[in-house]
There are 2 protein chains.
Amino acid sequence: MKYSELKKIIKRHGLRITDCRIDVLSYFIQYKKALTFKNLEDQFEAYDRVTLYRTLSAFEEHGLLHKIPDDSGFATYGLCQDCSTEAHHHNHIHFKCLKCEQLECIDDTINISIDSLPKNYIAQDMDVIIKGVCQQCNSN
Amino acid sequence: MKYSELKKIIKRHGLRITDCRIDVLSYFIQYKKALTFKNLEDQFEAYDRVTLYRTLSAFEEHGLLHKIPDDSGFATYGLCQDCSTEAHHHNHIHFKCLKCEQLECIDDTINISIDSLPKNYIAQDMDVIIKGVCQQCNSN
DNA sequence: CAAAAAATGCAATTTTGTTGCAACTAAACT
DNA sequence: AGTTTAGTTGCAACAAAATTGCATTTTTTG
Ligand SMILES: [Mn+2]
Ligand SMILES: [Mn+2]
Ligand SMILES: [Zn+2]
Ligand SMILES: [Zn+2]
């Protein structure tokens with residue numbers, strides 16, 4: 001993606017333009033799947049670990065990235081489609097490949113009616129993680 | 001729950017009876033909601049950290065506990081209903097309260113047909129985490 | 001271009017999780 | 001019951017992951 005576009009996105013979310021933010025955002029967009037801190041550390045050795053940690057938090061706080069629930073023990077982030085500092089809303093589904101272990105956001109909203117909740121529970125949002133075999137692993 | 005019952009459960013899963021295991025299992029059963037390592041550490045200061053870590057892994061491996069995907073950054077465990085070392089199967093749903101942050105297993109299976117997956121993706125399993133307000137927080 | 005505000009890098013620290021091993025304990029076996 | 005065995009515990013050391021404070025640098029504003 002063009003540098004000017006990346007700049008626009010970061011600015012739109014109320015953050016200053018810096019090299020690290022441009023690089024990280026660009027990588028997320030190009031890579032398409034979810035990324036962990038470790039992925040970024042490997043990819044961007046030139047940046048200090050602390051800066052990468054802070055980039056992830058800033059992006060999360062300002063609605064560029066969202067955490068994806070996982071039990072791997074590592075926080076995993078995916079690109080937000082349409083969030084801001086004020087409003088986060090993630091009703092899309094996630095797919096975790098059992099072979100390559102990679103997580104990705106599936107750009108398709110899911111609509112499940114919840115009727116089996118016990119009394120006095122209020123449902124507001126939902127995370128769905130589908131596990132299976134991804135396209136790449138499937139064709140190998 | 002009675003000591004003799006707890007012993008039976010632990011034995012049934014192929015583990016030896018020890019004080020720590022009795023206490024941890026008993027606490028899970030009584031507490032009803034999911035617990036993190038930190039919760040246990042606070043609750044059972046008398047046991048060494050390492051022992052608690054190993055108790056959690058042993059219980060997970062032998063089908064007494066299952067990890068619940070979460071974005072808190074801490075592994076969160078819930079009681080299994082009917083698992084063993086050989087077969088783990090968790091088709092129930094999870095509920096995370098946005099007020100008290102607590103996770104719990106909802107003892108109700110959910111059946112969602114997945115039809116919106118992209119081509120060449122194979123779905124095998126699914127995790128559903130419903131977010132909202134739990135009974136307790138709702139009534140306060 | 002100068003001033004103000006925010007981000008970065010580095011070092012130190014804290015928190016979280018793992019490993020090896022000796023001492024101990026539960027279960028199995030006379 | 002006493003002995004053997006195999007598994008469990010606690011401690012110390014270690015390793016990995018994440019956070020904090022602060023001086024320096026960079027971005028933005030005017
Ligand atoms: Mn997503
Ligand atoms: Mn559960
Ligand atoms: Zn895959
Ligand atoms: Zn609650």
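Residue numbers start from 1 in every chain, and the chains themselves are labelled A, B, ... in the order their sequence lines are given, proteins ahead of strands. All values below come from the heavy atoms of this structure, side chains included, with hydrogens, waters and symmetry mates left out.
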Spacing of [X] atom [atom1] relative to [N] atom [atom2], expressed in whole Å:
X	N	atom1	atom2	result
B/Phe59	D/dT8	CZ	C1'	12 Å
A/Asn39	D/dA17	CG	C1'	15 Å
B/Glu45	D/dT9	CD	P	18 Å
B/Ile10	C/dT25	CD1	P	18 Å
A/Phe37	C/dT15	CZ	C1'	15 Å
B/Tyr53	C/dG20	OH	P	17 Å
A/Lys7	D/dT26	NZ	P	17 Å
A/Leu56	D/dT19	CG	P	11 Å

[X] to [Y] - nearest heavy-atom pair and separation:
X	Y	answer
A/Asn120	B/Asn138	O-ND2, 3.0 Å
B/Ile106	B/His92	O-CB, 3.4 Å
B/His13	B/Cys83	NE2-O, 3.1 Å

Report summary line: Against the side chain of B/Lys11, the closest entry in C/dA27, D/dA17, C/dT19 is C/dA27
Query raised in the report: Does the gap between the ring centers of A/Phe37 and A/Tyr53 come in under 6.0 Å?
Result: yes
Query raised in the report: What distance separates A/Phe28 CZ from A/Leu65 CG, expressed to the nearest 0.5 Å?
Result: 4.5 Å
Query - Under 4.0 Å protein heavy-atom contacts per nucleotide of nucleotides 1-8 of chain C, with B for base, S for backbone only and - for none - result: ----BSSB
Requested in this report: Record whether the side chain of B/Arg49 comes under 3.5 Å of the base of C/dG17 through a donor-acceptor pair of N or O atoms.
Outcome: yes
**Report entry** NZ/NE/NH1/NH2 to OD/OE distance under 4.0 Å, A/Arg49 and A/Glu41
**Finding:** yes
